[in-house]
Q: 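Take this structure, written in structure tokens, and hold onto it; I'll ask about it next.
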Amino acid sequence: MKTFRILAAGLTALAFTGLAHAAGGAKHADGPEAGWPFEGITGKYDQASVQRGYQVYKEVCSSCHGMKLLSYRNLGEKGGPFYDPAYPNPNDNPFVKALAAQNEIVSPTPNDVGEFELRPATPADRFRSPFANDAAARAANGGALPPDLSVITKARHGGASYVYNLLTGYPDFSLYEDRVSEVDGETVYETVIDMSKFDKLGKYKPEQTSYLLQPAGQYYNPYMPGDTRPNYGGDPRHAPPGGFLAMGPQLTDGRVEYSDGTEATISQMAYDVAQFLAWAGDPKMQARKEVGLATMVYLGLLAILLWFSYKRIWRKVEH
Ligand code: HEC
């Protein structure tokens, strides 16, 4: 009987966590409509897209996010966005050298008088970090730490699709409304989002005339894990999925200018930078898939060969 009661209590608790999760969960990251070219056992990164993604990272994201596991030479390695077969050693690749030199870094070794000078990066250097340390990064971002993006597609459920959906999932600027009110003689500034006009939630329809109050320095995103119920103006059971994060919308149409003529729409830039981050988190994917496929073919042929030799060797033996 006792065991039964403990079991029942456990099941009830489980059921409740399930409910809580359903109410506070984030929207599932589906990624771009057409999927990713690097999915599947023969999938490959779209090199032009990864190149454009590097540009988006450099011109937009790198002012807040570092990628300290990457060196500039990685960009020119086999499988990398700027690989050139003429330069098997990326340290010699003039284009990679030029890309590196666009970044000023603090030299990791001191000069003759013991000072750490600023100098243009070389292919051997790690990616430039936007802040000297975490405290400086927090101070510049209202207390929130912009995570290092080297392996972000491995660190978040949904990977590249999550990054893509997060960047494109913010409500349109036209839905934000700034409200100024007086509370006990103090002026209170609030931002509310008109959820009834927010059409990026798919099947989920928030109630009419429902507002979401955005906390100061925070931004609503349906893909960010969190809980919107305390900030929702309507019935908490209909609170929209997602949560708040300290990063606001970063992309606007034409935010970067692509040299290959691709139109820099928000979804194009998000697609490119997410694919670049997928490459950064798994730069050897293509080589691994090629070896894997060759191994499977080899093992298949070996299995057929073994089967026939087995038949031949044992053909005169009763078994
Ligand atoms: C103005 C600074 C700033 C810029 C520019 C910026 N971010 Fe962020 N980002 C942040 C901060 C701050 C956070 C932490 C938010 C938090 O934890 O509340 C963050 C968080 C993130 C996260 C993690 C969200 C999570 O699940 O925890 C991702 C992914 C991300 N940024 C991607 C990008 C990409 C890609 C770009 C470039 C297109 C970019 N960011 C540009 C400040 C910035």
Side-chain angles (χ1 to χ4, degrees), residues 20-21 23-29 53 56-70 103 105-106 126-173 175-180 187-193 195 198 200 211-232 239-252 255-256 266 269-270 273-274 276-278 280-281:
H21 187 78
K27 200 164 148 47
H28 177 75
V56 177
Y57 167 73
K58 169 82 172 63
E59 291 179 20
V60 185
C61 324
S62 74
S63 54
C64 297
H65 294 277
M67 292 186 81
K68 57 174 186 261
L69 299 183
L70 264 79
N103 302 275
I105 60 154
V106 181
R126 294 287 172 108
F127 271 32
R128 177 187 152 275
S129 284
F131 302 104
N133 49 53
D134 285 0
R138 281 185 193 279
N141 283 285
L145 184 66
D148 188 274
L149 295 183
S150 314
V151 287
I152 196 80
T153 56
K154 298 280 169 199
R156 291 291 183 277
H157 189 70
S161 295
Y162 170 71
V163 175
Y164 173 83
N165 284 137
L166 187 78
L167 293 173
T168 52
Y170 291 97
D172 197 67
F173 285 116
L175 305 188
Y176 290 88
E177 192 185 305
D178 289 320
R179 284 185 184 170
V180 185
T187 319
V188 179
Y189 298 94
E190 288 174 338
T191 303
V192 291
I193 308 168
M195 295 306 294
F198 186 42
K200 289 187 186 162
Y211 284 86
L212 192 65
L213 179 68
Q214 209 166 244
Q218 298 277 304
Y219 300 86
Y220 167 66
N221 193 297
Y223 295 92
M224 183 73 190
D227 188 356
T228 57
R229 283 173 296 179
N231 297 58
Y232 185 61
F244 301 93
L245 77 166
M247 174 174 78
Q250 297 301 324
L251 301 173
T252 46
R255 177 73 175 74
V256 305
I266 294 179
M269 287 179 285
V273 77
F276 167 71
L277 294 174

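We number each residue from 1, following the sequence as shown. Computed from a prediction, not measured in an experiment: that's the story for all the values here. Values below: every heavy atom of this structure, side chains too, minus hydrogens, waters and symmetry copies.
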Q: Between Lys58 and Asn103, is there a side-chain heavy-atom distance shorter than 4.5 Å?
A: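 Counting from C-beta outward, Asn103 and Lys58 do come under 4.5 Å.
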
Q: Is there side-chain contact between Leu251 and Val256, with at least one heavy-atom pair below 4.5 Å?
A: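 No - every pair of side-chain heavy atoms lies 4.5 Å or more apart.
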
Q: What's the separation between atom CG in Leu245 and atom CD in Gln218, rounded to the nearest 0.5 Å?
A: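 Interatomic distance, Leu245 CG to Gln218 CD, rounded to 0.5 Å: 7.0 Å.
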
Q: Can you sort out the partners of Arg138 under salt bridge (charged side-chain N to carboxylate O under 4.0 Å, His left out), two or more places apart, ordered by chain and number?
A: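 With sequence neighbours excluded, Arg138 shows a salt bridge (charged side-chain N to carboxylate O under 4.0 Å, His left out) to no residue whatsoever.
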
Q: With a 3.5 Å distance limit and no angle check, can you tell me whether Thr228 reaches the backbone of Pro240 through a side-chain donor-acceptor pair?
A: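 Side chain of Thr228 to backbone of Pro240, a donor-acceptor pair under 3.5 Å: yes, one is there.
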
Q: Could you tell me if the side chain of Tyr223 sits less than 4.5 Å from the side chain of Pro241, heavy atoms only?
A: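 Answer no - side chains too far apart.
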
Q: Less than 4.5 Å apart, side chain to side chain, heavy atoms only: is that true for Met67 and Leu277?
A: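 In contact.
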
Q: Do the non-hydrogen side-chain atoms of Phe244 and Gln214 ever get within less than 4.5 Å of each other?
A: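 The answer is yes, as the side chains (C-beta and beyond) meet within the 4.5 Å cut-off.
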
Q: Looking at every non-hydrogen atom in both residues, tell me the closest pair between Ala270 and Leu167 and how far apart they are.
A: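 Ala270 and Leu167 have their closest heavy atoms at CB-CB, 4.0 Å.
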
Q: Kindly indicate whether the side chain of Phe131, heavy atoms from C-beta on, has any atom under 4.5 Å from the side chain of Asn141.
A: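 They are in contact (side-chain heavy atoms under 4.5 Å apart), so the answer is yes.
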
Q: Any idea which heavy atoms bring Leu175 and Pro171 closest together, and the distance?
A: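 Answer, listing the atom of Leu175 first, then Pro171: CD1-CB, 4.3 Å.
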
Q: Check the orientation of Phe198 and Tyr220. Use parallel for under 30°, tilted for 30 to 60°, and perpendicular for over 60°.
A: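 Judged by the thresholds at 30° and 60°, the geometry between Phe198 and Tyr220 is perpendicular.
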
Q: Does anything in residues 155-171 form a side chain to side chain donor-acceptor pair (under 3.5 Å)? List the pairs, not counting sequence neighbours.
A: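 For residues 155-171, and leaving out neighbouring residues, the side chain to side chain donor-acceptor pair (under 3.5 Å) pairs sorted by first residue read Trp36-Ser161.
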
Q: If the condition is salt bridge (charged side-chain N to carboxylate O under 4.0 Å, His left out), which residues does Lys154 pass it with, not counting sequence neighbours?
A: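 By the salt bridge (charged side-chain N to carboxylate O under 4.0 Å, His left out) rule, Lys154 matches Asp282.
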
Q: Check whether any side-chain heavy atom of Thr187 sits under 4.5 Å from a side-chain heavy atom of Val180, and report yes or no.
A: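 With C-beta onward as the side chain, the pair touches.
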
Q: If we check side chain to side chain contact (heavy atoms under 4.5 Å, CB included) with Cys64, which of these qualifies: Pro147, Pro130, Pro146?
A: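 Among Pro147, Pro130, Pro146, the one that satisfies the side chain to side chain contact (heavy atoms under 4.5 Å, CB included) with Cys64 is Pro146.
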
Q: State the CG-OG distance between Leu149 and Ser62, to the nearest 0.5 angstrom.
A: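 Interatomic distance, Leu149 CG to Ser62 OG, rounded to 0.5 Å: 10.0 Å.
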
Q: Tell me every residue that passes salt bridge (charged side-chain N to carboxylate O under 4.0 Å, His left out) with Glu59, counting only those two or more places apart in sequence or in another chain.
A: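 Glu59: no salt bridge (charged side-chain N to carboxylate O under 4.0 Å, His left out) contacts found.
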
Q: Holding to side chain to side chain contact (heavy atoms under 4.5 Å, CB included), I want the full list of residues that pass it with Gln250, two or more places apart in sequence or in another chain.
A: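 Expected list: Val60, Met247.
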
Q: Would you say Arg179 and Thr191 make side-chain contact, with heavy atoms under 4.5 Å?
A: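 Arg179 does not reach Thr191 side chain to side chain.
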
Q: Does Leu166 offer a backbone N or O that forms a donor-acceptor pair with the side chain of Asn221 under 3.5 Å?
A: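 Between the backbone of Leu166 and the side chain of Asn221 there is a qualifying donor-acceptor contact (under 3.5 Å).
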
Q: Would you name the heavy atoms of Leu145 and Ala137 that are closest together and state the gap between them?
A: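 For Leu145 and Ala137, the tightest heavy-atom pair comes out as CD1-CB, 3.8 Å.
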
Q: Looking at Asn133 and Ala136, would you say the former's side chain and the latter's main chain have a donor-acceptor pair under 3.5 Å?
A: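 Answer holds: yes.
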
Q: Could you walk me through whether Arg126 and Leu70 pass the side chain to side chain contact (heavy atoms under 4.5 Å, CB included) check?
A: CA-CA 6 Å; Arg126 294 287 172 108; Leu70 264 79; over 6 Å; no

Q: Grab the two heavy atoms, one from Ala274 and one from Thr153, that are nearest each other, plus how far apart they are.
A: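 Of all heavy-atom pairs spanning Ala274 and Thr153, the closest is O-CG2, 4.3 Å.
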
Q: The criterion is side chain to side chain contact (heavy atoms under 4.5 Å, CB included); which residues satisfy it with Ala144, sequence neighbours excluded?
A: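 For Ala144, the residues satisfying side chain to side chain contact (heavy atoms under 4.5 Å, CB included) (neighbours in sequence not counted) are Ala246.
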
